[in-house]
Structure formats: C-alpha cells, structure tokens
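Only heavy atoms go into these numbers, but all of them, side chains included; no hydrogens, no water, no symmetry mates. For reference, positions follow the sequence shown, starting with 1.
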Amino acid sequence: MKGYHDKKKGFGITYDDIYLINGARTPFGKLCGSLASVSPTDLGIYATRAAIERAGVKGEDIDQLMYANIGQSSSDSYFLPRHIGLYSGIPEGVPAVMLQRICGSGFETIIAGVEQILLGKANTALCGGTENMTLSPTVSFGNRMGYPLGRIDFKDMLWEALNDTAAVPMGFTAENVAKKHGITKAEANDFAKSSIDKYLAAKERGFYDDEVITMNSTVFESEGLNPRKVRLPRKAVDFTTDENVRPANLESMAKLPTVFAKDGVQTAANSSGIVDGAASVVVANKEFLDTKGINPLSKIIASATSALDPRVMGLGPVPSIRLVLEMTGLTVGDIGLFEINEAFAAQFIGCEKELGLNRDICNVNGGAIALGHPLAATGTRLSLTLSREMQARGVKYGIASACIGGGQGTAILFENPNA
C-alpha cells in the first residue's frame, strides 16, 4: 500500500491483495417508473442481499458496511446505511457509514472499504450506493420560521441538484467541453446511439443476466425489528427491466432541441437518464478468500481522485485516470477495457479525445445514456460491470471512472486475477 498526494494532480493509493468478489444491482427504473415508490433504503437492501449471495458469502461474513446516497428521498434516510445492513443479514454489531462524493460516491464506498481492510479494521466490506431520483422531494427551506406575506418558496430538489451554484448547471459543463473540443451535435448523437446499441446487444446475449436481480414485492424482516413492506406495481412481477433504454434513431435524435444551450449539442437523447436503482459489491482481502476458497472477479490495484475547473466538470476522469496510470507505471495502451460514466455524450467524447482512448474498448456493454445514472449507485455499477467483462474477455487491466459534480473525477484500476 502506497499513498500519493499532489494538489495539482490529485491524490491516490495503490493496494495490496484486495479483491472485488462479486456483486449485484437492481434493474434501473425510469423516472416515475416501476421503482418510483420504492425507498432508496429498500433498493439498497434488494441489491445488498443479492450481492452477498452472489459473492458466495453470508451476511455474518461482512465486517464493515459502506454505502452511498446523494439525494435523500425518504423520511428515514438518516438511517439508510444502518437499515441496509440490519435487513440484509449483516450482524447487528457491524457498524455502517454513508459516504458522499456525488457521482463518484459508488467508487468512494469501494475505496473506503478497501482502506478499512488495509488498516486492519476488517477482512471484508459491503460497498454500494442507492438512489431514488423519482422520490426526490419538493422542499421549502426555512418554513419552520414562517413566510413573509405572499412569499412561500418551494424548490424541486431534483432540478436544483443539477445546478452547481458556484459555476454553471451540469449540462452547461458538457456544452463547455463540446466548445473546447469542437464536438458537434451529430457526433454526440452518434455516440449516444452507439451506447444504446451496445446495451441492447449486451442484453440480447444475456450479459446482464448475472448482474441484474429479479425484483418482486416483498417484506424485509430482521429479528426483533419492524418489517419493511415493499410493494411494486402490479405489472412489475419478476421485474428485471432497465426501463430507461429505448432503441435509438439518428434521424429522430437530430430533430430534438438542445436542452442547455441554444446552439449546443446536448439533448434529452444524448444525456444520461434519470433513474432509480441500487448496486452493491463485496470486497475482501486475500486471507479471507483463501479461507473461504473463493475466486473473485477482480483485484483492486489502485484508485485516484482529482479535481479541476468546475466549468468543465465532465473532464474529471482525465486527471484521475492519468494519476492512476502514473502511480502504477502503466499506460493507456496497457488497459484492455474502460468504463467511463456517460453523464453527457460531449463529456465522454472530451475525455476520449484528451486521453486518446480507443472507443472500441470503452463502455462495451452500453453506458448511462442507455441505462441511466442513479447517482450514488453508478460507481459501484461501473466497477461490477467492468470486472465481469474483464473476466468474459480475459482482459488483464480495466479502469472504471466518472466525472463528479463540482469539478472532480475518480478512477479505480482493476486487474483480472485469472488473466
């Protein structure tokens, strides 16, 4: 284990003998779709129970729980990570913590879990993130103090969350990247269509069958605690659908108006979908794996987080990926697969241009433009998807990364232990 910090490049760390065993995610429900009424806590319980099972471990094997949630959207959200642990079969004596680095939060839970293991505070950690963006509330700040006459003020927290008040709204950061790199609307649409096409092809060949769980209405119980009843719509029986996905047509996409800038490139069709969902993974050290005889999906080699001008927030993966490569002595050419979150098409293309990436090995099963971006869950989903595809292709190294609101980026380097 070796740490690194530089106020211009970022900070990071290389790891020794830490592994991502396996994980699971819920299907991602579209805005106001089949998961609209399911609390983020319950989404997290669904994903966590499945992750523990698919990792081939038991709840009692988990030593730490690290979970993320960005937009608090249920009345018991203060207790979210603790409740996820208690209702997922994790022992009562195992503490839980919630982390928040906006779009990088899913990564942050993995990084924190790994560090807890390396500090000797755990052998295993359950890491993940959950988001119900549909349930994001309409709020009235200061209502406890009353209102001046005629000035009752409410805010839509989902809408407000898209605006970085220090700089520009999130969508405008993508437009700034488009201007910087001369990216056209047609290029953005081409990339968006390729993302959707890749997802549909992956779905058709069954790639997501071992990643996405089947959801039904249920009751989560834990001895001595109140049961949690979860009801899905009647039509959502054996629910496994990433509902944001719809086939893309370039002619139709070209007709859509831009959302953020009059002469811009970003439309509803080439931006990430607003969805509800959760993802969880189990990480552990080599000692635990040897004791249990478990073959993990991937080895976690290094991670880095960097910061940059918030007005070009979408380029956040560039410095973080460069730092991970520098710390490990690798080059872009050594990496067989990339998963870079598709917050916006122009944002991804900008990263692609600056890093000199080969698009053929990026987001090969589709990305957030297709299946959506449930903020806290995305980093976990990217890590799991990448690790699974590395196994399928026999690729040695892969990097998962995302830009982060406010001008940050996180990247994690994974190695295929079987390659």
Side-chain angles (χ1 to χ4, degrees), residues 28-44 68-81 83 98-105 129-176 178-179 230-231 233 243-244 256-277 309-314 343-344 347 368 372-378 403-408:
F28 290 169
K30 67 181 179 181
L31 187 69
C32 300
S34 295
L35 301 182
S37 63
V38 183
S39 82
T41 300
D42 290 322
L43 290 171
N69 176 239
I70 312 309
Q72 294 189 349
S73 55
S74 65
S75 57
D76 63 350
S77 58
Y78 283 13
F79 305 94
L80 182 145
H83 285 177
M98 184 151 63
L99 298 101
Q100 205 265 45
R101 200 189 289 276
I102 315 180
C103 304
S105 297
T130 182
E131 211 74 50
N132 189 308
M133 301 177 81
T134 299
L135 290 178
S136 186
T138 301
V139 303
S140 178
F141 294 111
N143 64 345
R144 195 177 306 279
M145 297 175 287
Y147 306 99
L149 185 64
R151 292 180 59 189
I152 299 175
D153 188 24
F154 286 89
K155 300 289 185 182
D156 177 351
M157 287 305 294
L158 181 56
W159 178 255
E160 297 298 326
L162 301 176
N163 180 27
D164 178 357
T165 56
V168 294
M170 292 295 99
F172 283 94
T173 69
E175 296 293 356
N176 289 340
K179 288 181 180 178
V230 187
R231 293 183 178 177
E243 292 181 310
N244 186 72
L256 289 176
T258 55
V259 178
F260 307 105
K262 183 178 180 181
D263 298 318
V265 305
Q266 289 299 147
T267 71
N270 59 31
S271 303
S272 59
I274 298 174
V275 295
D276 309 320
D309 184 345
R311 290 167 292 188
V312 287
M313 173 278 304
F344 303 97
Q347 162 264 320
H373 173 27
L375 306 180
T378 288
C403 59
I404 300 170
Q408 300 183 79

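At distances below 3.5 Å, not a single donor-acceptor pair connects side-chain atoms of Asp164 with backbone N or O atoms of Gly405. Using modelled atom types, one side-chain atom of Glu131 and one backbone atom of Ala376 make a donor-acceptor pair closer than 3.5 Å. A donor-acceptor pair under 3.5 Å is formed between the side chain of Thr130 and the backbone N or O of Pro40. The closest donor-acceptor contact from the side chain of Glu243 to the backbone of Ser34 lies under 3.5 Å.
Counting heavy atoms from C-beta outward, Asn132 and Ser74 have side chains that stay 4.5 Å or more apart.
Here Asp42 pairs with Ser39, Arg228 under the side chain to side chain donor-acceptor pair (under 3.5 Å) rule; sequence neighbours left out. For Val259, there are no side chain to side chain contact (heavy atoms under 4.5 Å, CB included) partners at least two apart in sequence or on another chain. Every residue meeting the ring pair (Phe, Tyr, Trp, His ring centres under 6.0 Å) condition with Phe79, not counting sequence neighbours, appears here in chain and number order: His83. Applying the salt bridge (Lys or Arg N to Asp or Glu O under 4.0 Å) rule to Asp153 yields no partners; only residues at least two apart in sequence or on another chain are considered. Scanning for side chain to side chain donor-acceptor pair (under 3.5 Å) contacts around Thr134 gives Asp276, with sequence neighbours left out. A search for side chain to side chain donor-acceptor pair (under 3.5 Å) contacts involving Ser136 returns nothing, not counting sequence neighbours. Under the ring pair (Phe, Tyr, Trp, His ring centres under 6.0 Å) criterion, Phe344 pairs with Phe260, sequence neighbours left out. Residues meeting the salt bridge (Lys or Arg N to Asp or Glu O under 4.0 Å) test with Asp156, sequence neighbours left out: none. Residues forming a side chain to side chain contact (heavy atoms under 4.5 Å, CB included) with Thr378 (at least two apart in sequence, or on another chain): Asn341, His373, Pro374, Leu382. Considering only residues two or more places apart in sequence or on other chains, Ser271 meets the side chain to side chain donor-acceptor pair (under 3.5 Å) condition with Gln266. With sequence neighbours left out, Leu256 forms a side chain to side chain contact (heavy atoms under 4.5 Å, CB included) with Thr267, Ala269.
Under the side chain to side chain donor-acceptor pair (under 3.5 Å) criterion, the residue pairs touching residues 141-151 are Ser140-Tyr147, with sequence neighbours excluded.
Note that OG of Ser272 and CD of Gln347 are 8.5 Å apart. Values are rounded to the nearest 0.5 Å. Residue Thr138 holds its OG1 atom at 11.5 Å from NZ of Lys155, rounded to the nearest 0.5 Å. Between the CD atom of Gln72 and the CG atom of Leu135 there is a distance of 13.0 Å, given to the nearest 0.5 Å. Summarising the geometry, atom CZ belonging to Arg101 is positioned 6.0 Å from atom CD1 belonging to Ile404; distances are rounded to the nearest 0.5 Å. A distance of 7.0 Å separates CD1 of Ile102 from CE of Met170, quoted to the nearest 0.5 Å. To the nearest 0.5 Å, atoms OG (Ser77) and CE (Met98) are separated by 6.5 Å.
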Under the criterion side chain to side chain contact (heavy atoms under 4.5 Å, CB included), I'd like the reasoning laid out for Gln100 against Ile70: C-alpha separation, chi angles, the key distance, then a yes or no.
CA-CA 6 Å; Gln100 205 265 45; Ile70 312 309; 3.6 Å; yes
Where do Thr173 and Val168 land on the side chain to side chain contact (heavy atoms under 4.5 Å, CB included) test, with the steps shown first?
CA-CA 7 Å; Thr173 69; Val168 294; 3.7 Å; yes
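A pairwise comparison of heavy atoms in Gly264 and Thr258 identifies O-CG2, 3.1 Å as the closest pair. Residues Val275 and Lys30 come closest through the heavy atom pair CG1-CA, 4.2 Å.
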